[in-house]
Amino acid sequence: MEKAVDMDSVKIIVFQLGEKEYAIPVNQVQGIEKAMHITRVPKTPSYVKGVINLRGVVTPIIDLRDRFNVKSTVDNDDTRIIIISLDDMEVGFIVDAANDVMDIPTSSIEPQPEVVGSFEEEFISGVAKTDKRLLILLNLEKVLHTLK
């Protein structure tokens, strides 16, 4: 018997970039892959690392650490590529680790603080406080805006 989904909650994927935890809605995630060979594409912004051939689909790869000016770490066994789908476009995000899939109550989501003042501020749709964690919710349209 399937558990009824509470309409006042949202299912998210939590991932790590540096010291912070970010989240995106699970319904926009197509898959999570281990790091793999990325073919570089000339004349692209530094955060666009190239493309991969994922099950016959050529998918552009963005390093979110670069995109958000987060101090870059060396890829390791925890590094993941989160494949997201938005407006008929598939894109992979390189992240330090994929931590959790969880439901968060919509009541725990607050608008982004006015004083964030960081480069990633424009990419944030809100923050969620759960237990002892603060999750930064991304606005994927804004993150991908320059790719269109």
Side-chain angles (χ1 to χ4, degrees), residues 3 5 9-106 108-113 115-148:
K3 187 175 129 185
V5 176
S9 71
V10 60
K11 189 176 279 298
I12 57 167
I13 295 220
V14 179
F15 61 90
Q16 192 89 25
L17 286 179
E19 300 297 312
K20 296 180 184 173
E21 286 189 305
Y22 294 81
I24 49 179
V26 77
N27 63 349
Q28 293 179 307
V29 175
Q30 298 299 308
I32 300 174
E33 308 289 332
K34 286 190 172 216
M36 60 184 72
H37 175 74
I38 298 170
T39 303
R40 190 83 181 115
V41 177
K43 297 185 179 171
T44 57
S46 66
Y47 58 82
V48 177
K49 294 305 173 194
V51 296
I52 59 171
N53 183 343
L54 188 62
R55 295 180 277 286
V57 177
V58 176
T59 305
I61 303 298
I62 294 173
D63 190 334
L64 282 187
R65 299 169 292 201
D66 250 1
R67 184 77 165 119
F68 294 166
N69 288 338
V70 171
K71 188 176 178 211
S72 194
T73 58
V74 177
D75 290 354
N76 59 36
D77 288 342
D78 291 331
T79 303
R80 294 289 180 266
I81 298 175
I82 298 177
I83 308 296
I84 63 108
S85 178
L86 185 69
D87 301 332
D88 297 326
M89 178 170 65
E90 281 197 5
V91 177
F93 291 149
I94 299 173
V95 300
D96 290 333
N99 297 348
D100 275 320
V101 175
M102 59 193 289
D103 291 305
I104 56 169
T106 51
S108 72
I109 301 173
E110 298 176 9
Q112 94 179 40
V115 293
V116 173
S118 64
F119 176 75
E120 70 224 11
E121 174 179 5
E122 64 183 288
F123 304 127
I124 297 172
S125 64
V127 292
K129 295 177 188 165
T130 63
D131 301 323
K132 295 180 179 157
R133 296 163 86 176
L134 184 66
L135 307 174
I136 301 167
L137 304 172
L138 292 184
N139 179 332
L140 293 177
E141 286 87 1
K142 294 242 173 92
V143 174
L144 296 176
H145 179 70
T146 55
L147 296 180
K148 294 189 175 187

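Numbers here are sequence positions counted from 1.
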Student check: side-chain heavy atoms of N27 and K11 closer than 4.5 Å | no
CG of N99 to CG of L135, rounded to nearest 0.5 Å, is 9.5 Å
Can you measure from OG (S108) to CZ (R133) and round to the nearest 0.5 angstrom?
-> 12.0 Å
Pairwise distance CD1(I61) to OG1(T39) - rounded to 0.5 angstrom | 10.0 Å
Side chain to side chain, Y47 and N69, heavy atoms closer than 4.5 Å = no
Note, T59 side chain near Q30 side chain (heavy atom, < 4.5 Å) = no
Please report the closest heavy-atom contact between K142 and R67, naming both atoms and the distance.
-> O-NH2, 3.9 Å
Taking every heavy atom of Q16 against every heavy atom of G18, the minimum-distance pair comes out as NE2-O, 3.1 Å
Nearest heavy-atom contact between V127 and P111 is CG2-O, 4.2 Å
Test side chain to side chain contact (heavy atoms under 4.5 Å, CB included) on R80 and K34 and set out the steps.
-> CA-CA 5 Å; R80 294 289 180 266; K34 286 190 172 216; 3.8 Å; yes
In terms of ring plane angle, is the pair F68 and Y22 parallel, tilted or perpendicular, where the classes change at 30° and 60°?
-> tilted
I94 vs I38 side-chain heavy atoms within contact, under 4.5 Å = yes
Hey, are the side chains of H37 and I52 touching, using non-hydrogen atoms and a 4.5 Å cut-off?
-> no
Scanning both residues in full, the closest heavy-atom pair of I109 with A128 reads CG1-CB, 4.1 Å
Closest approach of E21 to V14 (non-hydrogen atoms, all atoms of both residues) | OE2-CG1, 3.7 Å
So, do D96 and D78 sit near enough that their side-chain heavy atoms are less than 4.5 Å apart?
-> no
Atom CD1 in I136, atom CZ in F123: separation rounded to 0.5 Å?
-> 13.0 Å
Salt-bridge contact D63-R65 (side-chain N to carboxylate O under 4.0 Å) = yes
How long is the gap from CD1 on I82 to CD on Q28, to the nearest 0.5 Å?
-> 12.0 Å
F15 side chain near V29 side chain, heavy-atom distance below 4.5 Å = no
To the nearest 0.5 Å, what is the distance between CD1 (I84) and CE (M89)?
-> 6.5 Å
Closest heavy-atom pair and its distance - E33, R55 = OE2-NH2, 3.1 Å
Can any side-chain N or O of K49 pair as donor or acceptor with the backbone N or O of S46 at less than 3.5 Å?
-> yes
Take atom CG in D77; do more than 12 heavy atoms of anything else shown fall under 6.0 Å from it?
-> no
